[in-house]
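Below you'll find the structure, written out as structure tokens, and then a few comments.
Each ligand, and each atom within it, is numbered from 1 in the order the structure gives.
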Amino acid sequence: MGSGIWSMHFVGMLAFTPVIPIRCDVGMALLSLAASVAACYMAFSITSSERTGRLRFAVGGLFMGIGLFVTHVTGMPIMCADSLLRYNPIYWTLSAVVALAVSYAAVQLFIRFRADPNVKRWKGLSAVVIGLGICGMYDTGILATRFLNGDAAIAGQSGFAEPNVFPLYGVALTVLFILIASWAALLYDRRVLEKLAYSDSLTGLPNRHEMNRFFDRRSGRLSGAAVLFIDLDRFKTINDTLGHDVGDLLVQQVGRRLQTFLDDKCRVFRIGGDEYLVVREDCPLSEARGLAERILHAINVPYLLQENELYIAASIGISLSPEHGTDRFALLKAADTAMYSAKSTGKNQICVFDDVMDKHLVRRMELEKDLRKAMKLHEFFVVYQPKWNARTGRPVGFEALIRWKHPKLGVVSPDEFLPIAEETGLAVPMTRWMLTEACRQNLRWIRAGLMRLPVSVNLSAGVFQCRSLIDMVRRALDETGLPPELLELEVAESKVLYDLEAIIEQFSELRSIGVRISMDDFGSGLSSLGSLDRIPLDTLKIDRLFVREIGSASKRAVVRAIVDMASELNLDVVAEGVERKEQIEALSSIGCELMQGYYYGKPMERPDMEAWLKEHSQAG
Ligand code: C2E
Ligand code: CA
Ligand code: CA
């Protein structure tokens, strides 16, 4: 703007060449350029802050006005000898007033329309107003000036023989060049910035901002579209084990594969670390499913990344417009919810949004949010369930089970909140708390003269991965003073298989300090049968699924096989979930004596458990 004003002045002066003799003082010319630029800079920096009040506008306008006027007034003598100029005070004042008014309008218009993308036309119009205003000021300034020897010049009687216009052309061209160059730079910057802001540097796909823009531009016109929310499964594990470089490569390659689905109806965005969004217009449910299946297929094809052959799965959630919403928020939330559900029901699947899903998810998210605070707020408590020897009719131990008393939802079952705890990393501190709590309570009961029985604590999978299990157990025993043989650790079979060698090592160490180890839920789901002889164990707990169906001959055969095998391997066997007398008889008849279940005692809070222990220690 500064150089524009200045060059307008100089180019304007060129118009006078035939009338008055012109000269040029390069030093002064540069000085007046500096004045013009400085004035504009001051004006805009004063007014460009987010909240510009009237005073700032006034001061900014004043600066620019003074700058304009000074450029003009100093510019005249630069080109015409002082002695040749006289000024008319009225026009002179008028031109100063015009300069101020134009400048005030300039900053107002500039700032007002700066941030608003919808007023392109207004921006153009304000440029025209400012331009005309500056010209007006210039013309008033010229009107105010009388060129004393004008007539003589016209008559060709000037003291200056040849007007020296070369420097002026030079200056004008330079300024023109500066303007064009800065305009081009601006345009280029805009493009680069736009690219940076709206596309993802890793994959080159449009990013989340672009996705927002896409939805906002089409608001209300997306009817019939399908939104596919794609999230890679176990991406975090890949990042953690193979490094972020491989993770980046994977994200890139998945992006490339997704790009093959692009066409004039289909858009692909990368909206997060391993999250992509595909939007397809005119796409009914059946077609959306087909598309999702093809995408899943494409993602499943193995990747070769830095000599690692990787098999990647993904979870895809689908939402449809208008059934699940018409705006970005509703469609995205629905697709995200559906994706979440695909993940939690086994991964590498496609789920279409429905409302039931949403209710589950709302509860889950509420639990997740509150779980983080639950420990601090002392909302966890422990219940105890006895284990019984059916042959001797004596208790043989008890299991500590965690409970969460949610302030609004009441007591939440561990089956519901433990998976959340595992995912969010809260399972480790929770296990630590359970260990200490159970050990301390057991010792109190022993000291109170109740029975001397081992307490068992369930371990979550996370504690094996963080490798602090041994320390955690040692610390709990040291802190509470419970003898190690009175602590038993229960680990579900499915969790053992994850990293067998590491688990074997940790179990051996635990058993070497005297702690007992029990394999929980044995026979359900994944089987560790092939390596059972290698895992250091004391007890197998037969899953309650078998006990429930012990009436069937085939299930009874399986249980008998487990009992025989356990006796070969020198392991105790506990049957879980014993509820009825017939079950006890069937189990006893095949040699399983240790039992746990509602028949002998439900999980009890501390006072009830205490009463139970008292009752049975007297009986003993
Ligand atoms: P689990 O280790 O198999 O625990 C036994 C579960 O069976 C308990 O459920 C118990 O209440 C239930 N149960 C006991 N007897 C019967 C019966 O006769 N019939 C029926 N139908 N059920 C019976 P709960 O307390 O809801 O715990 C569920 C699971 O949550 C536990 O299964 C265990 O895997 C986990 N869990 C509980 N407390 C903890 C804990 O402190 N840490 C960890 N990591 N996991 C825990
Ligand atoms: Ca258990
Ligand atoms: Ca169990």
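Using a 4.0 Å cut-off between heavy atoms, Ser460 contacts ligand 1 through both its backbone and its side chain. By the criterion of a heavy-atom distance under 4.0 Å, neither the backbone nor the side chain of Lys602 is placed next to ligand 1. Looking at Gln385 against ligand 1, only its side chain comes within 4.0 Å, counting heavy atoms. Counting heavy atoms under 4.0 Å from ligand 1, residue Gln596 does not touch it at all. Under 4.0 angstrom from ligand 1, the non-hydrogen atoms of Asp521 all belong to its side chain.
Looking at Ala400, Pro414, Ala492 and measuring to atom 24 (P) of ligand 1, the nearest heavy atom belongs to Pro414. With Met595, Arg580, Arg544 as candidates, the residue nearest to atom 12 (C) of ligand 1 on a non-hydrogen basis is Arg544. With Leu489, Leu418, Leu435 as candidates, the residue nearest to atom 35 (C) of ligand 1 on a non-hydrogen basis is Leu418.
Side-chain contact annotation: Thr431 with Ser460, donor-acceptor N/O pair under 3.5 Å present. Between the side chains of Arg270 and Asn207, not a single donor N or O lies within less than 3.5 Å of an accepting N or O. No hydrogens or angles considered: nothing links the side chains of Asp274 and Asn239 as a donor-acceptor pair under 3.5 Å. Checking Arg580 against Tyr598 by side-chain atom types alone, no donor-acceptor pair falls below 3.5 Å. A side-chain donor-acceptor contact under 3.5 Å links Trp445 and Glu610. A side-chain donor from one of Gln596 and Lys541 sits under 3.5 Å from a side-chain acceptor of the other. For the residue pair Ser456/Glu490, the side-chain donor-acceptor check at 3.5 Å is satisfied. Looking at Asp233 and Ser315, their side chains do bring a donor and an acceptor atom within 3.5 Å of each other.
Using a 30° and 60° split on the angle between ring planes, Trp404 and Phe380 fall in the tilted class, from 30° to 60°.
In this structure, Trp388 has its ring center under 6.0 Å from that of His616.
Cation-pi geometry between Arg556 and Phe546 is not met at under 6.0 angstrom from the ring centre and within 45 degrees of the axis.
Nearest N, O or S atom of Glu490 to the Ca ion (ligand 2): atom OE1. No other N/O/S atom of Asp520 lies as close to the Ca ion (ligand 2) as OD2 does.
For the pair Met339/Ile230, no side-chain contact is recorded, criterion being any heavy-atom separation below 4.5 Å from C-beta on. Side-chain atoms of Val382 and Arg403, non-hydrogen and from C-beta on, never get closer than 4.5 Å to each other.
Residue Asp521 does not count as close to the Ca ion (ligand 2), with no N, O or S atom under 3.0 Å. Look at Glu576 and the Ca ion (ligand 2): no N/O/S atom of the residue is under 3.0 Å from the metal. Checking Ser456 against the Ca ion (ligand 2), every N/O/S atom stays at or beyond the 3.0 Å cut-off.
The atoms of ligand 1 that sit less than 4.0 Å from any heavy atom of Leu459 are 44 (N). Within the listing of ligand 1, atoms 28 (C), 29 (C), 30 (O) sit less than 4.0 angstrom from a heavy atom of Asp415.
Inclusion of Glu399 in the set of residues having an N or O under 3.5 Å from an N or O of ligand 1 is warranted. The N/O atoms of Met434, backbone and side chain alike, include none that comes under 3.5 Å of an N/O atom in ligand 1.
Here Glu399 contributes OE2 and Asn458 contributes OD1, and at the Ca ion (ligand 2) these two atoms make an angle of 90°, given to 10°.
Ligand 1 is never approached by Arg548 to a heavy-atom distance shorter than 4.0 Å. Within the structure, ligand 1 lacks Thr431 among the residues with a heavy atom less than 4.0 angstrom away. Heavy-atom separations between Arg403 and ligand 1 include at least one value shorter than 4.0 Å.
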